[in-house]
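Every number for a ligand or one of its atoms is a count from 1 in the order of the listing. FYI, side chains are in, hydrogens and waters are out, and symmetry mates aren't considered; it's all heavy atoms of this structure. When a residue number appears, it is its place in the shown sequence, counting from 1.
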Amino acid sequence: MQVLFFILCAVCVYAKVTPDYFPQCKRSDPKIEKCVLDAIEAMRPQLKAGIPEVNIPALDPFTVPTLKLDRTAPNLRLKATVRHAKAYGGSDFKIEKLKLNLNNKYAAEIKLVIPKLVVTADYDVRGSRLLTLDINGKGKLRGNFTGITVVAKGIAKPIEKEGVMYIQAEKIVTRVKIGHGQVAFDDTERPVAAVSAATFFNASPGVVIDILNPLIDETSAAVLKAFINKVLGGIPLSEVLTDKK
Ligand SMILES: *[C@@H]1O[C@H](CO)[C@@H](O)[C@H](O)[C@H]1NC(C)=O
């Protein structure tokens, strides 16, 4: 009897990877959006530090180890490597809108607001220019950004890994709006130029943010896609979405 119990329990442990508090929603639920929103609220306390059992990385601070940027646009030539980027405050997000379409596909649209993000990162910028400003240098960046709105639209598809179904985001596009920003640079190569650049940014953050906007949209979409796929890659579909159509 005891042996049977152990065998069953070993099966149950391996059959389910998500912790017991992990919420589930029914695909056929006419109020699926509400179910998902409630699930996110229920997990908010855990999201801050992440959920290692299912590979969910910490949301606050949210870290991006390396970002390579290379872009030419009107008023902008930017070639930069950003390392050890950390954003604090992301777990205070509020979801203003969520639309899901799970009829024979996985499509989602979400609008969320982040009241404040405090960002730190190491930067290395070469051969770059914003308007007429030379923005080359290397050092540490600190920034405070407020009133951030993110609208993200995405489609996902089911994939099979070792006989288990998961979903993965295929395409994500985002539109990011930043209400206000304030930056400081601790530049080890060109401290005087960096102070001018920060003064320029802080005097008219909207101008700089507008120029950087397409880059911010694309970069946040790429970062979001990697984050979402990391999360969804650790959770079998059957454990978050029950009763397959
Ligand atoms: C960000 O805000 C904090 C606290 O409000 C302040 O101490 C810091 O100097 C600000 N940083 C920048 C880059 O303005």
Task: Member of L76, V207, T219 meeting the side chain to side chain contact (heavy atoms under 4.5 Å, CB included) criterion with L212 - done: L76

Task: Common cluster, L215/V150, ILVMFWY with side-chain heavy-atom separation under 4.5 Å - done: yes

Starting from the N and O atoms of ligand 1, find every protein N or O within less than 3.5 Å and list the pair with its distance.
residue	atom	partner	partner atom	Å
ligand 1	2 (O)	N144	ND2	2.3
ligand 1	11 (N)	N144	ND2	3.0

Task: Salt bridge K138-E189, side-chain N to carboxylate O under 4.0 Å - done: no

TODO: Give a yes or no on whether R175 atom CZ has more than 12 heavy-atom contacts from other residues, nucleotides or ligands under 6.0 Å away.
DONE: no

Task: Basic-acidic side-chain contact under 4.0 Å: K177, D217 - done: no

Open item on the list: Donor-acceptor check, side chain of K97 to backbone of V151, threshold 3.5 angstrom: yes or no?
Closed with: no

